[in-house]
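Notes follow once the structure below has been shown.
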Amino acid sequence: MSVDLLTTSYYTGERLAEIRGTILDVYADVYADEIATNPFFSMERFEERLESHVSAGGWGCVIAEVDTEVTGFTYGFTARDDASRFKLCENMLREKWRGRGISHVMHDELMSHRQEERAELLVRRERPGLRALYESWGYELAGEKLPFPDSPMYDVMVLDLR
């Protein structure tokens, strides 16, 4: 499949209503197995996290499309306790579009709209390949975190933006 017609669109929290369905559809597609087996990844819990992230302030999202097909999205928000830190929460790409650099394009487009000094993201421990991908983008391992009592353990990764 060609990605010659890739487009990205940037949205802020004020426009969530326009794109909420798209975000939920992509999440349901990408996390179908986890949704079926782990309550932490349920649609309800994802929607709770999404609402919390938007209400934190400084929320931004990029949605990518090839022709008119949504390939994925990435979003994050300004950290409540440190305005110099952007928390990248999701960088999600439908399976058939992986391996083409679209995720990196979405990431870079999102970061181009940010004023924070650094970005932080969490990568599930059981996904070393994904951690290696983020390392290839310049992220560095900074620790580990259990963000919710019922969540998996995550590696914390940071990237200087300035």
Side-chain angles (χ1 to χ4, degrees), residues 8 11 13 16 19-64 70-82 84-114 116-161:
T8 59
Y11 300 88
L16 177 62
I19 60 172
R20 182 185 195 87
T22 299
I23 290 171
L24 296 178
D25 288 347
V26 172
Y27 181 86
D29 185 19
V30 172
Y31 276 88
D33 292 340
E34 288 92 341
I35 290 168
T37 60
N38 186 332
F40 177 76
F41 293 105
S42 71
M43 291 300 294
E44 179 180 85
R45 291 291 301 281
F46 175 70
E47 289 187 73
E48 289 171 5
R49 290 189 298 272
L50 174 62
E51 287 299 326
S52 172
H53 298 154
V54 172
S55 68
W59 189 85
C61 177
V62 168
I63 294 177
V70 174
T71 62
F73 70 87
T74 186
Y75 83 72
F77 64 94
T78 305
R80 289 182 175 123
D81 60 342
D82 180 357
S84 69
R85 189 168 36 110
F86 181 71
K87 296 184 88 167
L88 181 62
C89 299
E90 301 291 350
N91 193 1
M92 202 170 293
L93 197 62
R94 287 185 159 130
E95 188 171 356
K96 80 177 198 176
W97 296 105
R98 294 177 187 162
R100 294 176 170 83
I102 296 171
S103 186
H104 199 187
V105 169
M106 291 188 312
H107 172 273
D108 288 355
E109 177 62 18
L110 180 59
M111 294 307 148
S112 76
H113 292 270
R114 305 315 308 175
E116 295 87 355
E117 294 174 17
R118 65 192 164 285
E120 175 185 292
L121 59 80
L122 304 178
V123 178
R124 284 173 33 200
R125 283 272 170 86
E126 65 269 18
R127 296 197 169 161
L130 188 55
R131 181 175 146 189
L133 175 69
Y134 288 126
E135 287 172 339
S136 76
W137 296 357
Y139 280 86
E140 295 179 357
L141 182 64
E144 63 184 24
K145 184 174 187 174
L146 184 68
F148 299 94
D150 63 340
S151 73
M153 181 62 76
Y154 287 85
D155 288 329
V156 178
M157 302 188 76
V158 295
L159 173 70
D160 286 333
L161 298 176

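- By the 4.0 Å N-to-carboxylate-O rule, Asp82 lies close enough to Arg118 to be salt-bridged with it.
- The distance from atom CG of Leu122 to atom CD of Glu120, rounded to the nearest 0.5 Å, is 6.0 Å.
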Test side-chain contact (heavy atoms from CB on, under 4.5 Å) on Arg100 and Thr71 and set out the steps.
CA-CA 11 Å; Arg100 294 176 170 83; Thr71 62; over 6 Å; no
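- Evaluated for a salt bridge (Lys or Arg N to Asp or Glu O under 4.0 Å) with Asp155, the options Arg127, Arg125, Lys145 yield exactly one hit, Arg125.
- Rounded to the nearest 0.5 Å, atoms CD (Glu48) and OG (Ser42) are 7.0 Å apart.
- To the nearest 0.5 Å, atoms CD (Glu135) and CZ (Arg131) are separated by 5.0 Å.
- A heavy-atom distance below 4.5 Å is found between the side chains of Met92 and Tyr31.
- In this structure, Arg49 satisfies the cation-pi test against Phe40, with its NZ or CZ atom closer than 6.0 Å to the six-membered ring centre and inside 45 degrees of the ring normal.
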Given the rule in the side-chain contact (heavy atoms from CB on, under 4.5 Å) test, do Met157 and Leu130 qualify, once you have shown the distances and angles that lead to the verdict?
CA-CA 11 Å; Met157 302 188 76; Leu130 188 55; over 6 Å; no
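- Heavy-atom neighbours of Glu140 CD from other residues, nucleotides or ligands within 6.0 Å: at or below the threshold of 12.
- Side-chain contact between Arg45 and Asn38: absent, with no pair of heavy atoms (C-beta onward) separated by less than 4.5 Å.
- Using a 4.5 Å heavy-atom cutoff, the side chains of Cys61 and His113 are not in contact.
- Ring-plane geometry between Tyr139 and Tyr134 is classed as perpendicular, the angle between the planes exceeding 60 degrees on a 0 to 90 degree scale with a lower cut at 30.
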Given side-chain contact (heavy atoms from CB on, under 4.5 Å), test Val62 with Val105 step by step and report yes or no.
CA-CA 10 Å; Val62 168; Val105 169; over 6 Å; no
Please lay out, stage by stage, how Leu110 and Phe86 fare under the test side-chain contact (heavy atoms from CB on, under 4.5 Å).
CA-CA 11 Å; Leu110 180 59; Phe86 181 71; 3.9 Å; yes
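- Using a 4.5 Å heavy-atom threshold, the side chains of Phe46 and Leu24 count as touching.
- If you take OH on Tyr27 and CZ on Phe73, they are separated by 9.0 Å, rounding to the nearest 0.5 Å.
- Atoms NE2 and CG, from His107 and Leu159 in turn, are 5.5 Å apart once rounded to the nearest 0.5 Å.
- For Phe77 against Cys89, the heavy-atom pair with the smallest separation is CE2-SG, 3.3 Å.
- With a 4.5 Å cut-off on side-chain heavy atoms, Ile23 and Leu16 count as touching.
- In this structure, Ser52 and Arg80 approach most closely via the heavy-atom pair O-NH2, 3.1 Å.
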Between Arg94 and Asp25, does the salt bridge (charged side-chain N to carboxylate O under 4.0 Å, His left out) criterion hold? Intermediate values first, please.
CA-CA 10 Å; Arg94 287 185 159 130; Asp25 288 347; 5.4 Å; no
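- Expressed to the nearest 0.5 Å, how far CD1 of Ile102 lies from OG1 of Thr74 amounts to 13.5 Å.
- For Glu126, the CD atom sits in a packed shell: over 12 heavy atoms of surrounding residues, nucleotides or ligands are nearer than 6.0 Å.
- Ion pairing between a basic and an acidic side chain is recognised when a charged N comes within 4.0 Å of a carboxylate O; Lys87 and Glu116 show no such pairing.
- Looking at heavy atoms from C-beta onward, Leu93 lies in side-chain contact with Met106 at the 4.5 angstrom threshold.
- Arg114 and Thr78 share a donor-acceptor pair across their side chains, judged by distance under 3.5 Å alone.
- Looking at heavy atoms from C-beta onward, Val54 lies out of side-chain contact with Arg20 at the 4.5 angstrom threshold.
- Ring pair Tyr75/Trp59 is tilted by interplanar angle, where 30° to 60° counts as tilted.
- Counting only heavy atoms from C-beta outward, the side chains of Asn91 and Leu121 never approach each other to under 4.5 Å.
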